[in-house]
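Below: one structure, written as structure tokens.
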Amino acid sequence: MILGVALDGPSPAVVAVGDGAPPSEAVRACVAVDLDGMPRAPVAAIRVGGPCPPVLRPVAEPGVATIVRGGHSLTGRPLAPLDTGAVREFAAGCGLIDFAVTATGSPMLADHELAVAAIIAAEVPAARITLSYEFGRPGLREREAHAIRNAALGPEAGRIADRVARELPGVPLFFARSGSGLVSAHYFRRYPRACDRGGTTSLRRGRSALATADRPAPFEVIEPGGGGEDLLAAAYGAALARPEAQVERIVQARGRAELDRALQDARDEALTRVVSAGAAPGFARIAETIVNPLSYLPDGFYRVRVTAEGATP
């Protein structure tokens with residue numbers, strides 16, 4: 001028995017997919033929710049890099065932002081030593097606990113983001129920290145925007161996960177990703193940005209499945225909710241998904257052997273992530289590997305994206 005739960009609307013919709021066992025014996029509950037319009041926490045955003053015009057400075061609204069010296073080029077060359085004193089002063093004085101850290105060059109070398117995180121954790125023990133390199137985008141401002149939004153959604157994601165856990169005690173929880181796949185409640189709390197459009201994705205998947213003459217799996221409506229057929233379809237679509245995770249990196253490789261080693265590292269990380277996202281270790285696999293040479297960098301630099309998927313325990 002798999003439960004699909006759609007949270008958008010005045011009341012949730014719940015469907016049961018599978019073998020007809022009672023909901024109390026469900027092997028998992030798959031939740032579909034869009035995070036657009038959800039309350040956002042104020043974020044303390046730290047950019048590690050050089051000076052820039054005011055229009056290009058980091059924006060964290062609500063919240064505060066600063067730029068500290070440091071960072072690397074996309075080839076991994078250090079641009080400046082990390083200004084640890086400025087990081088420490090900002091972390092201790094900002095009065096916030098949700099942090100987003102973005103360093104120039106971090107998709108290639110994340111050392112300065114990791115160092116900033118260590119300083120924040122020492123100064124603010126309760127801090128929740130998002131690091132931009134985990135989102136993998138090569139563009140600084142796009143990566144920074146993802147990190148800030150992830151940090152801002154963290155507290156609300158925690159409240160949503162707690163709410164569903166109270167409604168379904170003892171049932172393993174998963175949340176629909178934007179695009180495809182599921183993640184565990186633990187992963188959702190840490191990376192809510194991955195599930196930004198989980199409701200919309202699930203609705204699209206559910207409508208497609210229900211439109212076919214031969215439905216993929218039998219289901220029954222437990223709670224119809226107040227949102228009509230769209231909520232039922234979104235709940236069904238969430239229940240059909242599987243755990244998924246992605247890793248995106250910029251790597252340098254001088255020859256095929258070095259590239260193969262870099263790809264294996266990325267695949268290992270993707271498999272680790274998908275297990276964290278709820279896949280059973282013995283059933284995790286690499287679904288896709290994309291490698292693109294970067295034309296704007298010297299030869300030997302590649303953008304790598306690896307997708308892993310799996311089944312739940």
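Values in this document were obtained by computation on a predicted structure and should not be read as measured data.
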request  = Kindly compute the distance separating CZ (Arg267) from CD1 (Ile286), expressed to the nearest 0.5 Å.
outcome  = 7.0 Å
query = Can you find a heavy atom in the side chain of Thr102 that is under 4.5 Å from one in the side chain of Ile46?
reply = no
key: With Ser132, the side chain to side chain contact (heavy atoms under 4.5 Å, CB included) member among Glu144, Glu142, Glu113   = Glu113
ask   = What class does the angle between the rings of Phe90 and Phe99 fall in, given that below 30° is parallel, 30 to 60° is tilted and above 60° is perpendicular?
value = perpendicular
key: Side-chain ion pair, Asp36 and Arg197, N-O less than 4.0 Å   = yes
request  = Take atom CD of Gln264 as the centre, draw a 6.0 Å sphere, and report whether it contains more than 12 heavy atoms from other residues, nucleotides or ligands.
outcome  = yes
ask   = Would a 4.5 Å heavy-atom cut-off, applied to side chains only, mark Leu82 and Arg69 as touching?
value = no
query = Are Arg88 and Asp83 ion-paired here, with the side-chain N under 4.0 Å from a carboxylate O?
reply = no
ask   = Does a side-chain N-to-carboxylate-O contact under 4.0 Å join Arg190 and Glu134?
value = yes
Plane angle bin for Phe135 and His146 - parallel if under 30°, tilted between 30 and 60°, otherwise perpendicular = tilted
inquiry  = Tell me whether Arg40 at atom CZ has more than 12 heavy atoms from other residues, nucleotides or ligands lying less than 6.0 Å away.
reply    = no
key: Ion pair Asp268/Arg273, N-O distance below 4.0 Å   = no
